[in-house]
Protein chains: 2
Amino acid sequence: MVSMERIWKDQLYKEFARIGKCLSSPKRLELLDLLSQGPKSVDQLVKLTGMSVANVSQHLQTLHESRLVRSHRQGNFVIYEIAGLSVADFMVSLHRLSEKQLVEVQKLKTEILQNHLSMEPIALEKLLERMERGEVVLLDVRPQDEYETGHIPGAISMPMEDLEKHLASLPTDKEIVAYCRGPYCLMSAQAVEILISKGIKASRLEEGLIEWKRYMEQSNIQSQP
Amino acid sequence: MVSMERIWKDQLYKEFARIGKCLSSPKRLELLDLLSQGPKSVDQLVKLTGMSVANVSQHLQTLHESRLVRSHRQGNFVIYEIAGLSVADFMVSLHRLSEKQLVEVQKLKTEILQNHLSMEPIALEKLLERMERGEVVLLDVRPQDEYETGHIPGAISMPMEDLEKHLASLPTDKEIVAYCRGPYCLMSAQAVEILISKGIKASRLEEGLIEWKRYMEQSNIQSQP
DNA sequence: TAACTATTCAATAAATTAATTGAATAGTTG
DNA sequence: CAACTATTCAATTAATTTATTGAATAGTTA
């Protein structure tokens with residue numbers, strides 16, 4: 001005989017597992033990360049991930065069924081967005097846990113950033129100090145629409161594709177720091193490579209907007225009486 | 001041609017998805033929740049979940065491969081435990097997200113706790129106030145080994161199976177509050193039912209030890225200058 | 001070392017999931 | 001309303017996963 005409690009628990013854990021199932025496909029995780037940066041059309045996501053249209057759409061469907069994303073139409077496009085900030089926040093939790101538990105993630109990160117692109121990221125805390133003292137210019141090298149959705153205060157929008165064109169407009173007396181979507185996005189590293197190759201002093205901020213928000217929430221709480 | 005960046009991202013997200021895959025099975029989530037309360041032998045887990053031995057063992061294997069649990073032998077038993085507090089914490093994040101996004105979870109929770117067991121939980125904040133004033137006795141109704149692994153300070157261990165025997169030893173001048181493994185464990189609710197049926201004033205704390213810890217971390221941070 | 005127990009392995013069948021393709025649909029613009 | 005585009009649906013195949021069983025293994029105690 002199966003108890004009422006057993007049935008209830010089975011139903012409950014089945015629901016939790018619905019969220020889990022969404023997180024079991026690499027492609028879906030990538031879509032969630034991209035959508036965490038701001039709303040995007042299916043078409044944009046196709047270009048960003050290199051997947052087929054039908055494939056992207058299907059994954060978005062799955063995410064929609066578990067209420068992790070929502071959508072609305074805008075002209076010819078259907079725009080998808082995450083269903084709330086808690087989703088983006090949860091993704092950061094997942095990244096952190098993965099990085100903590102899985103040596104493989106640590107390896108992958110170190111390999112490409114230290115051995116290949118060879119640069120140490122600047123600590124968020126240090127950046128904020130130096131920005132306050134006016135020693136640093138912070139560049140947001142993501143596409144402009146993501147910058148407009150939200151950015152670290154004080155940052156200047158400088159999408160990757162515009163970078164080389166606008167090199168001249170950068171201040172020469174300050175150090176440049178570039179950031180992008182977060183620890184697993186390589187745009188900021190590539191930007192720093194370009195800057196350094198042009199003889200401009202630059203470094204990379206590993207954190208993205210979401211990680212910055214988390215950090216600020218914690219230190220805001222701390223600075224309250 | 002597939003870029004180096006694309007390959008790297010695919011590898012990275014594949015790793016994240018390893019964690020996700022662990023979370024895609026209801027039974028594995030239940031095992032993780034149980035292990036969050038303290039180390040347990042495979043045998044104990046079999047009894048707690050009603051699954052077959054081979055099944056439990058297989059799921060534990062999967063969790064082990066993703067470094068979410070670890071194990072060691074103790075006499076005839078192999079004891080499993082979560083691989084770090086961040087795992088338990090992540091489970092709470094998953095519960096919170098699920099509850100926020102999935103109406104179904106909200107429903108399941110309300111149904112059994114309000115319609116069937118009919119009781120409103122006491123807020124954690126209120127409990128702590130009343131405990132300080134000495135108005136309340138807090139009972140930990142989980143098995144004793146879980147209490148010994150860790151418990152809310154000031155709580156008295158009173159495992160479910162001992163409850164009816166030890167009713168007499170409870171103070172009669174104070175209100176009783178019972179807690180257990182957390183929001184999705186029914187032991188505390190059952191304990192309160194028993195107490196009320198004996199004419200003792202009692203209520204349920206929804207939070208478990210892990211949720212209490214989270215709450216305290218936040219308010220500890222807040223109370224620092 | 002023998003007996004015992006707990007744990008893991010291996011094999012199976014059922015079920016679910018992922019990726020792909022081409023066609024159908026819905027919505028927008030001129 | 002016609003042409004156009006973006007999106008979704010449906011069907012297929014391949015691959016993975018789950019649950020279950022019984023047997024094998026490993027470790028402990030007497």
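Naming convention: chains lettered A, B, ... in sequence-line order (proteins, then strands); numbering from 1 in each chain. No experiment lies behind these values; they were computed from the predicted model shown.
Side-chain contact check for B:H59 versus B:L45: every heavy-atom pair is 4.5 Å or farther apart.
A salt bridge between B:D10 and B:K14 is absent, with no side-chain N of the basic residue lying under 4.0 Å from a carboxylate O of the acidic one. By the 4.0 Å N-to-carboxylate-O rule, B:E164 lies close enough to B:K198 to be salt-bridged with it. Ion pairing of A:E104 with B:R67 is present here, as a side-chain N (NZ or NE/NH1/NH2) and a carboxylate O approach within less than 4.0 Å. Between B:R18 and B:E15 a salt bridge is recorded (basic side-chain N to carboxylate O distance below 4.0 Å). The pair A:K9-A:E5 counts as a salt bridge, with a side-chain nitrogen and a carboxylate oxygen less than 4.0 angstrom apart. A:R28 has no carboxylate O lying under 4.0 Å from a charged side-chain N of A:E65, or vice versa, which leaves the two without a salt bridge.
The aromatic rings of B:F16 and A:H95 are tilted relative to each other, their planes meeting at an angle between 30° and 60°.
Atom P of nucleotide D:dA6 and atom NZ of A:K40 are separated by 18 Å, given to the nearest angstrom. The interatomic distance linking B:M51 (CE) with D:dA19 (P) rounds to 6 Å, in whole Å.
Listed nucleotides C:dT16, C:dT8, C:dA18 differ in distance to B:A54; the shortest reach to its side chain belongs to C:dT8. Here the nucleotide nearest the side chain of B:V53, chosen from C:dT7, D:dT21, C:dT16, is C:dT7. Listed candidates were D:dT7, C:dG22, C:dA19. Nearest to the side chain of A:K27 is C:dA19. Distances were taken from every side-chain heavy atom of B:D43 (C-beta onward) to each of C:dT7, D:dG22, C:dT21; the shortest belongs to C:dT7.
The end-to-end axis angle of the helix from C:dT1-D:dA30 to C:dG30-D:dC1, rounded to 10 degrees and based on five pairs per end, is 40°.
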> What string of B, S and - do you get for nucleotides 24-30 of chain D, 5' to 3', if B is base contact, S is sugar-phosphate-only contact and - is no contact with any protein heavy atom under 4.0 Å?
Replying inline: ---BS--
>> The test is side chain to side chain contact (heavy atoms under 4.5 Å, CB included); show your working for B:W212 and B:H151 and say whether it passes.
In response: CA-CA 9 Å; B:W212 172 84; B:H151 56 266; over 6 Å; no
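For DNA chain D, the residues of residues 55-67 of chain B within the heavy-atom distance limit of 4.0 Å (strictly under) are B:N55, B:Q58, B:H59, sorted by number.
Look at A:Y80 and you won't find any side-chain N or O under 4.0 angstrom from OP1 or OP2 of D:dA6.
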